[in-house]
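Worksheet for the structure shown next.
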Amino acid sequence: MFDSRTQRVIRGFRFNRYPVSIGMAILLLLLSLSGCGYNKTIALEETVSAQWAQVEVQLKRRYDLVPNLVETVKGYAKHEKELLTQIAEVRKSYFSAPDRNAKIKAAKGMENMLSRLLLLKETYPDLKANQGFLRLQDQLEGTENRIAVERKRYNDAVKELNSYIRGIPGKWWASMTGVQTAEYLEIEEAAKATPKVTF
């Protein structure tokens, strides 16, 4: 049942100055191993949090660019007031979000809004030639690429955490530590379907 080293340890407990029953020795062994599952659960949750922090850095960069992009478009797209208002509301909801899940929801909404905003160039041809708009679009595209990389890393960490705490013994450790499944940061279907904007 036990390898020779474990048997020697158990005999040592029983026959030396520490009289311990075999049951107690097994319990001690199980308790020492159980710390591994507890620590793994905490480590996986910390990895998800760390990856989310990297996503947030890029999302903040995106949201810092959005007001400048909106101001540039405003001069040309005077009739697009509703879209510009929605973008401002989504940006505000991101910064006022109370937790990670609310920020993920706002980030998903912004994907669709930005796609619509960048497609306005088709309706307003003068916008195509605006150097400020082109520069901001390039910066935004670079940011979107960085977000895509960080989103993948975050989703990989979420997958590892969720897989572990949905199985046994991870489920037990999750209930003991209070760790819960994390939400994926996925692109909305509408944003996936939007064609890439090129000039």
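Remember, predicted model here, so these are calculated numbers, not experimental data.
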Heavy-atom closest pair, residues L117 and L69 | CD2-CD2, 3.5 Å
Which heavy atom in Q180 sits nearest to a heavy atom in L161, and how many Å separate them?
-> O-CD2, 3.9 Å
Can L44 be reached from W172 by stepping across I, L, V, M, F, W or Y side chains whose heavy atoms are under 4.5 Å apart?
-> no
Honestly curious: do M110 and V57 fall in one hydrophobic cluster under the side-chain, below-4.5 Å linking rule?
-> no
Before accepting this row, confirm whether a basic side-chain N of the pair E111/K108 lies closer than 4.0 Å to the acidic partner's carboxylate O.
-> no
Might you point out which heavy atoms bring V48 and A157 nearest each other, and give the distance in Å?
-> CG2-O, 3.4 Å
For E45 and V179, which heavy atoms make the closest approach, and how far apart are they?
-> OE1-CG2, 3.5 Å
Using only heavy-atom distances, determine whether the side chains of Q54 and Q58 contain a donor-acceptor pair under 3.5 Å.
-> no
Under a single-linkage definition using a 4.5 Å side-chain heavy-atom cutoff for Ile, Leu, Val, Met, Phe, Trp and Tyr, are Y184 and Y164 assigned to the same hydrophobic cluster?
-> yes
Give a yes or no on whether Y63 and L114 share a hydrophobic cluster (residues Ile, Leu, Val, Met, Phe, Trp, Tyr; joining criterion: side-chain heavy atoms under 4.5 Å apart).
-> yes
Y38, I168: one ILVMFWY side-chain cluster at the under-4.5 Å cut-off?
-> no
Calculate, to the nearest 0.5 Å, the distance between atoms CD and CG belonging to Q51 and D156 respectively.
-> 8.5 Å
Would you kindly say whether T143 and R61 are connected by a side-chain donor-acceptor distance under 3.5 Å?
-> yes
How long is the span from the CE atom in M176 to the CD1 atom in I42, to the nearest 0.5 Å?
-> 10.5 Å
To the nearest 0.5 Å, what is the distance between CD1 (I87) and NZ (K92)?
-> 16.0 Å
Taking every heavy atom of E183 against every heavy atom of I104, the minimum-distance pair comes out as O-CD1, 3.6 Å
Correct closest heavy-atom pair for V90 and M113 would be CG2-CG, 4.2 Å
CG on L59 to CZ on F95, rounded to 0.5 Å | 9.0 Å
Contact check, side chains of W52 and T47, non-hydrogen atoms, under 4.5 Å = no
